[in-house]
J.: 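Below are the structure tokens for one structure; questions will follow.
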There are 2 protein chains.
Amino acid sequence: MGITKSDLFTKQQNELANMAKAIAHPARIAILQYLLKKNACITGDLVDELGLAQATTSQHLKELKNAGIIQGNIEGASVCYCINPKIWKRYNTLFNAFFREVKDSDSNCC
Amino acid sequence: MGITKSDLFTKQQNELANMAKAIAHPARIAILQYLLKKNACITGDLVDELGLAQATTSQHLKELKNAGIIQGNIEGASVCYCINPKIWKRYNTLFNAFFREVKDSDSNCC
DNA sequence: GATTATAATCGTAATATTGCGATATGGGCA
DNA sequence: TGCCCATATCGCAATATTACGATTATAATC
């Protein structure tokens, strides 16, 4: 096999897992952090920043775009990327809800 | 290739990416949610809960244990699992820091 | 001691991810 | 039009992930 059995889980569980997958690579974390810092930038900036090949960088950007967490606007010959604040807030909300406080007393094993 | 170039990124970026990877599967989300609800349970409970084979469930438990987010205590013939509150809090802290507020005005592309 | 229950591990197949060179596409400019 | 620049996409190789049956290891029970 090798295919996730999504049908066994709730919509919410699949959504959160997919969100986690979108950021489950250091290059994609680095892209998002760079966009947070610079507000916006073009692909070439990220190729320089990351140190990965242009094709690889483009692929990571595609995954982030598919997840909706960034958006790209065509700017002449370049493409300008930035965070999508609406989706970003949804990530923030869902992760916060998931990682709600755990009391130490909650976790005494059996 | 197929191997992540971890050396290109900071320790913090790799750590956050690895945390995201640990929860980047709906079965592992479901396990954590079940543990949050029940406080603690044994492997067999999770096999019933998830609907995945025993071997598969055990594998997901191993990944969560490797990530440190859960711990297992041997309880006779069974193994009792629970959240590791220390690591859980670290996850909460790092994800919160990452998903800090983004102002709408921050994300006007170019 | 043999049997049963519980869970980890092994081996393997299917699929997904990561990375990059090569190639395509489309805009700007001489 | 012809030539560069910036990106996306294709094709491929290496590796990782997901899933499960079979096996193993240990503990409880008869």
Side-chain angles (χ1 to χ4, degrees), chain A residues 1-9 13-14 17-31 40-67 70-82 109-110, chain B residues 1-9 13-14 17-31 34-35 40-67 70-82 109-110:
Chain A
M1 290 89 204
I3 188 163
T4 297
K5 291 190 154 185
S6 309
D7 53 309
L8 289 178
F9 307 101
Q13 286 164 341
N14 283 305
N18 281 329
M19 284 176 164
K21 200 184 269 186
I23 62 169
H25 193 289
R28 295 197 289 273
I29 297 280
I31 289 170
C41 72
I42 61 171
T43 310
D45 294 341
L46 289 166
V47 174
D48 296 344
E49 174 76 8
L50 299 182
L52 289 169
Q54 182 266 322
T56 308
T57 304
S58 187
Q59 199 171 291
H60 283 302
L61 284 168
K62 189 182 180 181
E63 283 176 65
L64 289 171
K65 213 165 44 182
N66 285 344
I70 66 169
Q71 55 192 94
N73 293 345
I74 296 171
E75 186 81 9
S78 304
V79 175
C80 176
Y81 286 100
C82 64
C109 272
C110 302
Chain B
M1 289 86 203
I3 189 165
T4 296
K5 291 189 151 184
S6 308
D7 54 308
L8 289 178
F9 307 101
Q13 287 165 340
N14 282 305
N18 281 329
M19 284 176 165
K21 201 183 269 187
I23 61 168
H25 193 288
R28 296 197 288 277
I29 298 280
I31 289 171
Y34 191 78
L35 286 177
C41 71
I42 62 170
T43 309
D45 294 340
L46 289 165
V47 174
D48 296 344
E49 175 74 8
L50 298 183
L52 288 169
Q54 183 265 321
T56 308
T57 304
S58 189
Q59 200 171 290
H60 284 301
L61 284 168
K62 190 182 181 182
E63 282 176 65
L64 289 171
K65 212 165 46 180
N66 285 345
I70 65 168
Q71 55 192 94
N73 293 345
I74 295 171
E75 185 82 10
S78 304
V79 175
C80 175
Y81 284 101
C82 63
C109 272
C110 302

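Residue numbers begin at 1 in each chain, while the letters A, B, ... track the order of the sequences.
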J.: Check this for me: B/Leu8, atom CG, are more than 12 non-hydrogen atoms of other residues, nucleotides or ligands nearer than 6.0 Å?
T.: yes

J.: From CD1 of B/Ile29 over to C1' of D/dT18, roughly how many Å is that when rounded to an integer?
T.: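 My rounded result for the distance is 16 Å.
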
J.: B/Ile3 side chain: which of D/dA16, C/dA8, D/dA8 is closest?
T.: D/dA16

J.: Does A/Lys5 place a side-chain N or O at less than 4.0 Å from the phosphate oxygens OP1/OP2 of D/dC20?
T.: yes

J.: Let me confirm one number: the CD1-CG distance from B/Ile70 to B/Leu64, rounded to the nearest 0.5 Å.
T.: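 Output value for this atom pair is 4.5 Å.
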
J.: Looking at every heavy atom in both A/Thr4 and B/Pro26, which two are closest together, and how far apart are they?
T.: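 Smallest interatomic distance, heavy atoms only, reads CG2-CG, 3.8 Å.
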
J.: Rounded to the nearest 0.5 Å, how far does CD1 of B/Ile74 lie from CD1 of B/Ile42?
T.: 13.5 Å

J.: What pairs with B/Glu63 under side chain to side chain donor-acceptor pair (under 3.5 Å), at least two apart in sequence or on another chain?
T.: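 Checked B/Glu63 against side chain to side chain donor-acceptor pair (under 3.5 Å); matches are B/Arg28.
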
J.: Nearest of D/dT7, C/dG21, C/dG19 to any side-chain atom of A/Val79?
T.: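 The nucleotide sitting nearest to the side chain is D/dT7.
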
J.: Taking the inter-plane angle between the rings of A/Phe9 and B/His25 on a 0 to 90° scale, is it parallel (under 30°), tilted (30 to 60°) or perpendicular (over 60°)?
T.: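 Answer is perpendicular, since the angle exceeds 60°.
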
J.: Taking CG from B/Leu61 and C1' from D/dT18, how many angstroms apart are they, rounded to a whole number?
T.: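 Atom-to-atom, B/Leu61 to D/dT18, this comes out as 15 Å.
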
J.: Is A/Ala55 touching bases, backbone alone, or none of the nucleic acid, heavy atoms closer than 4.0 Å?
T.: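 Base contact - A/Ala55 has a heavy atom under 4.0 Å of at least one base atom.
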
J.: Would you name the heavy atoms of A/Asn14 and A/Ser6 that are closest together and state the gap between them?
T.: ND2-O, 3.0 Å

J.: Output one letter per nucleotide in nucleotides 23-30 of chain D: B when a protein non-hydrogen atom lies under 4.0 Å from the base, S when only the sugar-phosphate is that close, - when neither is.
T.: ----SS--

J.: Where each residue is assigned the nucleotide of DNA chain D containing its nearest heavy atom, which of B/Thr4 and B/His60 is assigned the position nearer the 5′ end?
T.: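 Closest to the 5' end, via its nearest nucleotide, is B/Thr4.
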
J.: Provide, to the nearest angstrom, the distance between the CG atom belonging to A/Leu46 and the C1' atom belonging to D/dA6.
T.: 13 Å

J.: Please give me every residue in residues 17-27 of chain A whose heavy atoms get under 4.0 Å of an atom in DNA chain D, ordered by residue number.
T.: none

J.: Given atom CD1 of A/Ile42 and atom C1' of C/dG28, what is their separation to the nearest angstrom?
T.: 14 Å

J.: Using a heavy-atom cut-off of 4.0 Å across all strands, would you classify A/Ser58 as base, sugar-phosphate, or nothing?
T.: base

J.: Send over the distance from A/Ile31 CD1 to C/dG19 P, rounded to a whole Å.
T.: 11 Å

J.: What does B/Thr43 touch in the nucleic acid at a heavy-atom separation under 4.0 angstrom: a base, only the sugar-phosphate, or nothing?
T.: sugar-phosphate

J.: In whole Å, I'd like the distance from the CG atom of A/Leu64 to the P atom of D/dT7.
T.: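 Taking atom P of D/dT7 as the reference, CG of A/Leu64 is at 16 Å.
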
J.: What's the NZ-C1' distance between A/Lys65 and D/dT7, to the nearest Å?
T.: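 Value for this atom pair: 9 Å.
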
J.: Would you kindly compare B/Cys80 and A/Arg28 by the position of their nearest DNA chain C nucleotide and give the one closer to the 5′ end?
T.: B/Cys80

J.: Passes side-chain contact (heavy atoms from CB on, under 4.5 Å), B/Asp45 versus B/Tyr34? Steps please.
T.: CA-CA 10 Å; B/Asp45 294 340; B/Tyr34 191 78; 4.1 Å; yes

J.: Looking at D/dA6, I'd like to know if its phosphate oxygens (OP1 or OP2) sit under 4.0 Å from a side-chain N or O belonging to A/Tyr81.
T.: no

J.: For B/Cys41 and B/Leu35, run side-chain contact (heavy atoms from CB on, under 4.5 Å): C-alpha distance rounded to whole Å, both residues' side-chain angles, the deciding distance at 0.1 Å, then the answer.
T.: CA-CA 7 Å; B/Cys41 71; B/Leu35 286 177; 3.8 Å; yes

J.: Round to a whole Å and report the spacing from CG of A/Asn73 to C1' of D/dA8.
T.: 16 Å

J.: So, does B/Thr56 get its side chain near the phosphate of D/dT18, meaning an N or O under 4.0 Å from OP1 or OP2?
T.: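 For B/Thr56, the contact criterion (side-chain N or O under 4.0 Å from OP1 or OP2 of D/dT18) is not met.
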
J.: Counting any heavy atom closer than 4.0 Å, what does A/Ser78 reach on the DNA or RNA strands: base, sugar-phosphate only, or nothing?
T.: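 Since only primed, P, OP1 and OP2 atoms lie under 4.0 Å of A/Ser78, the category is sugar-phosphate.
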
J.: Quick check for you: to the nearest 0.5 Å, what is the distance between A/His60 atom NE2 and A/Ile29 atom CD1?
T.: 11.5 Å

